[in-house]
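Take a look at the structure set out below.
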Amino acid sequence: MDTIASSAILNDGIIDGRLAARMVRKDVKQDVLSLRAEGIHPRVAFIRVGDDPASEVYVGAKVKACGWVGIRSEHVHLPDGTTQEELAGVINELNDDKETDAVLIQLPLPDSVGTKAALNLINPLKDVDGFHPTNLGGLLAGHGPLEPCTPSGVMRLIEMMGLNLVGKHAVVVGRSVIVGRPLAAMLARAHATVTLCHRHTANLKDHVRQADVLVVATGVTGLIRGDWIKPGAYVFDVGITRCEDGKLRGDVRFDEALERAAGITPVPGGVGPMTIARLLENTVRCARLVRGLQEPSIHRA
Ligand code: GUN
């Protein structure tokens, strides 16, 4: 790739998502202080249903990060077997609560409740994850006020690294509503040529080999082999799976890929911290949106 990424967050080919997230959080903390001076103390509610162990860890990390920047948070934990009506009741209560600026439903939800129906109930102005159809539509129409945190975290890393996407070939593997589909839209908005691959894509390897920028979000550990990576490519690994040996691994074979890539995000410590940093930014945005306040200048990639 002819655009050289030179940045504090790229060291020996490793993209330091933790450092990038710290830089974002510094700005969020400042934003929270400004809001507090106006008498506004942002607050986000995390809804978790059932006992998925990974979800418990993720929500815990989100609560902790809120504390670092002075955002108030509430963790609403509902038991397995919660009905759609019960969950709807909780969402509606939080939608109506003047003290709550932002609402997040941790995914995946258990089978007893419908994910789409639940997400669609969140007040779009409080939709901190940006998963409501109104916000996903806003993204396709241009810049939505609230955009999904993982893809916007990847875009922010790209921006912080000084990567110019104009005319570059970006390949996204995974077409989820949470990551792949919104990310494809964001990359196209940044003037990349985008290929969106998924489980039915024939000859995945041949597509991956074309990628100047590769983003993988499949949840299939080690799916992408190092010799599939185009030399000099930038690789963003969204996958994170705890393996039988207790280690967290991504969808890309990191050691192999590092030999060819100009930059790659590690797992953990790559995309994950940026997802949470974006969540904090979105919470501040929600606090302004629900009050009809003008948005401050927004960092957008
Ligand atoms: N589960 C995995 N990723 C996410 C995310 O970005 N948001 C929510 N709410 N749940 C998730």
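Atoms within each ligand, like the ligands themselves, are counted from 1 in listed order. Remember, predicted model here, so these are calculated numbers, not experimental data.
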Point to revise | Any Phe131 heavy atom less than 4.0 Å to ligand 1 | key: yes
**Study point:** Min N/O separation Thr275 to ligand 1 under 3.5 Å
**Key:** no
Point to revise | Results of side chain to side chain donor-acceptor pair (under 3.5 Å) for His75 - residues two or more places apart only | key: Arg48
Check your understanding: Is Lys205 reaching over with its side chain to a backbone N or O of Arg225, donor-acceptor style, under 3.5 angstrom?
Key -> no
Practice item. Say whether Arg249 and Thr241, considering side chains only, have a donor N or O and an acceptor N or O under 3.5 Å apart. Key: no
Point to revise | Nearest-contact summary for atom 3 (N) of ligand 1 - protein heavy atom, Å | key: Ile178 CG2, 4.3 Å
Study note, to complete from the structure: Within 4.0 Å of some non-hydrogen atom of Ile105, the atoms of ligand 1 are 8 (C), 9 (N)
**Study point:** Distance in Å, His207 NE2 paired with Gln210 CD, rounded so as to fall on 0.5 Å steps
**Key:** 8.5 Å
Practice item. Kindly confirm or rule out an N or O of Leu107 lying under 3.5 angstrom from an N or O of ligand 1. Key: yes
Review point. Counting heavy atoms only, which part of Leu104 comes closer than 4.0 Å to ligand 1: side chain, backbone, both or neither?
Key: side chain
Exercise for review: Determine whether the side chains of Thr265 and Asp237 contain a donor N or O and an acceptor N or O closer than 3.5 Å.
Suggested key: no
Practice item. Assess whether side-chain contact (heavy atoms from CB on, under 4.5 Å) is satisfied between Cys149 and Asn282, documenting all intermediate values. Key: CA-CA 8 Å; Cys149 302; Asn282 273 358; 3.7 Å; yes
**Study point:** Heavy-atom nearest neighbour in the protein, as seen from atom 7 (N) of ligand 1, with distance rounded to 0.1 Å
**Key:** Asp129 OD2, 3.1 Å
**Study point:** atom 11 (C) of ligand 1: the protein heavy-atom neighbour that sits closest, reported with distance to 0.1 Å
**Key:** Gln106 NE2, 3.4 Å
